[in-house]
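The chains referred to below are lettered A, B, ... by the order of the sequence lines, with proteins before strands, and numbering in each begins at 1. Values reported hereafter were calculated over all heavy atoms of this structure, with side chains retained and with hydrogens, waters and symmetry mates removed.
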Amino acid sequence: MLESEAGAAFVLAGGTDLLVRMKLGHIEPALLVDIKRIPAMNSITHSARGTRIGAAVSGAELGEHKAVARAWPGVVEATNLIGSDQVQSRCTMVGNLCNASPAADSVPAMIAAGAKAVVVSRTGRRTVPVEKIVTGPGQTSLARGEVIEAIVLPARPARSGDAYLRFIPRTEMDIAVVSAGVSLTLERGRIKTARVVLGAVAPTAVLVPAAARAIIGSKLDEDALHKLAAACSAACKPIDDKRGTIEYRTKVAGVLGKRAAQIAFQRAGGA
Amino acid sequence: MAAVLVSTTINGDAVEFACPPQESLLAVLRDRLGLTGVKEGCGTGDCGACSVTLDGRLVCSCLVLGAEVDGREIATIEGMAENGKLHPLQENFIEHAALQCGICTPGFLMAAKVLLDRNPQPTETEIRYALAGNLCRCTGYDKIVRAVQATATELRQLEKKKSRRKKSKKS
Ligand SMILES: Cc1cc2nc3c(=O)[nH]c(=O)nc-3n(C[C@H](O)[C@H](O)[C@H](O)COP(=O)(O)OP(=O)(O)OC[C@H]3O[C@@H](n4cnc5c(N)ncnc54)[C@H](O)[C@@H]3O)c2cc1C
Ligand code: FES
Ligand code: FES
């Protein structure tokens, strides 16, 4: 259906971006396909092998899933930061991803978690790392007729933790000026694997391998944290606007990266 | 585009309507069904004046399409008073002067009711977070928070009385 429509065609998930853009007259869709009644897109499955979150699952529903919140607190808290309770009742992680705002809250946390998107079309299905979906502000790599069916999070080893932090001028209902997501796994008290991701400091969320390397092998001591912060700041290509200057965003990125790593480390049981 | 025919339940009553596919639930409620207690502040999800519940969850009706609610259950402010008797939240909003112009009030009442249904004993911080999706340009919020706190206390006392009465009936 999406493929054969000649005019502008959109998937409708929670509509918290799409309906705003329609109201503001930015888009005039000829076709909207509501995915909320498709059973495969409506459910969460969670097992030792991994977690699958259907594309139509709302932020509120995700937050109420205790087992997922325990396994992936960072991903869940990031998703629950989107908007008010009213917005939470409707918004989806996939809508957040596909809207492709550089400041989207769930995206850095998903990328840090190593999440993959299951992309379906009339002709097939492919699984794509989340960081490959957004190509620029408002732009994705999805082809016409392609829809994301679900987000898949990998199996979670013991002694793992993740965290997401954003900096906003207010305490609720605001767009991130800078954000950071960190996911890590420990082995004998030391960080064995880590992924560090920044949001709102470049046209897309950025995975910062240098920041992960700075803490891998460490017990997250001062020196490692300092190197992580420096790597985060170095990875920023932010914009200058009324909500934050380049210098400010660059500095805050380092601080948030550090704090998110500390929370993830604690959650993984590190001392 | 052709109109969509929708059957739904609003405040417990079966309702049918037809609307263009791009029409918001807010427009349907106000302009087609005459439920003008639902207010439009911004139309873009920011102010919460248009809050209703959809299958028990609080939503901005300006960010829901009329066409999406087929087979669902909607509650609006019009259903809050029962048999002509105001809900304790409504009483307390009046008592605590938690409104001035009143355009935000139906939205606040819906949001506060959802909060108290889930969490009968919210802290002040929980109340403020739960109402963060509702904007008020008149009251400065404090009076609204007090009204919700007073209602929570009142409803808890009512619950206690009820359960005591049940116990004494049994014995
Ligand atoms: C008041 C308010 C506050 C907000 N606050 C925040 C915030 O704090 N942080 C934040 O990050 N965002 C915020 N947002 C933006 C928005 O709520 C989020 O981006 C939300 O996650 C979008 O999800 P949705 O399901 O509503 O998307 P929709 O609006 O349904 O869709 C968004 C886009 O993604 C596409 N899409 C959706 N699902 C799929 C799919 N399965 N496959 C392919 N394409 C798809 C749609 O076609 C559309 O282009 C806010 C919005 C409002 C109105
Ligand atoms: S009118 Fe819907 S949130 Fe303002
Ligand atoms: S009473 Fe006027 S906006 Fe709240």
Side-chain angles (χ1 to χ4, degrees), chain A residues 1 5-38 42 56-64 77 80-92 95-96 99 168-175, chain B residues 1 4 6 20-27 38 40-72 74 107-108 110-115 117-119 122 125-135 141:
Chain A
M1 233 167 117
E5 172 60 49
F10 291 89
V11 171
L12 173 66
T16 61
D17 281 314
L18 205 58
L19 298 188
V20 172
R21 284 162 66 212
M22 279 165 65
K23 168 90 187 179
L24 299 176
H26 295 172
I27 48 171
E28 267 181 54
L31 175 71
L32 286 181
V33 178
D34 185 2
I35 58 169
K36 288 189 289 297
R37 300 198 190 213
I38 303 172
N42 245 325
V57 170
S58 69
E61 285 164 338
L62 180 66
E64 286 160 14
E77 76 199 351
N80 286 163
L81 278 174
I82 300 170
S84 56
D85 285 6
Q86 284 90 332
V87 172
Q88 278 293 312
S89 299
R90 305 268 300 162
C91 73
T92 64
N96 198 217
N99 188 55
I168 54 171
R170 295 175 63 197
T171 50
E172 258 278 276
M173 295 281 291
D174 210 338
I175 304 165
Chain B
M1 275 193 262
V4 191
V6 177
Q22 72 279 15
E23 187 166 297
S24 72
L25 175 61
L26 171 67
V38 188
E40 173 160 17
C42 61
T44 53
D46 296 292
C47 76
C50 64
S51 297
V52 301
T53 63
L54 180 59
D55 289 346
R57 287 192 191 272
L58 190 68
V59 299
C60 295
S61 59
C62 69
L63 294 188
V64 176
L65 295 177
E68 288 182 74
V69 305
D70 191 62
R72 312 259 154 163
I74 296 164
F108 270 101
M110 293 305 293
K113 179 153 189 303
V114 168
L115 168 68
D117 286 347
R118 292 215 179 137
N119 178 0
T125 311
E126 284 170 339
I127 295 175
R128 287 190 189 268
Y129 269 99
L131 301 181
N134 296 78
L135 301 182
Y141 302 100

- Task: Tell me, out of Ala130(B), Ala67(B), Gly48(B), who's got the most heavy-atom pairs with chain A below 4.5 Å.
- Result: Ala130(B)
- Message: Let's test your reading of the structure: which of Leu115(B), Val59(B), Thr53(B) forms the most heavy-atom pairs below 4.5 Å with chain A?
- Response: Val59(B)
N/O donor-acceptor pairs under 3.5 Å from side chains in residues 24-31 of chain A, not counting sequence neighbours:
none

- Charged N-O contact under 4.0 Å between Lys36(A) and Glu61(A): no
- Query: Where on Thr44(B) is there a heavy atom nearer than 4.5 Å to chain A: the side chain, the backbone, both, or neither?
  - Reply: both
- Query: Which region of Val114(B), side chain (C-beta onward) or backbone (N, CA, C, O), has a non-hydrogen atom less than 4.5 Å from a non-hydrogen atom of chain A, or is it both or neither?
  - Reply: neither
- Message: Heavy-atom cut-off 4.5 Å, strictly under: side chain, backbone, both or neither for Arg21(A) against chain B?
- Response: neither
- Is it the backbone or the side chain of Leu12(A) that comes under 4.5 Å from a heavy atom of chain B, or both, or neither? side chain
- Going from CG on Leu26(B) to CG on Leu19(A), what distance comes out if it is rounded to the nearest 0.5 angstrom? 12.0 Å
- Item | Leu54(B) CG to Arg72(B) CZ distance, which is reported to the nearest 0.5 Å | 6.5 Å
- Quick one: does Leu25(B)'s side chain get under 4.5 Å of Glu68(B)'s, heavy atoms only? no
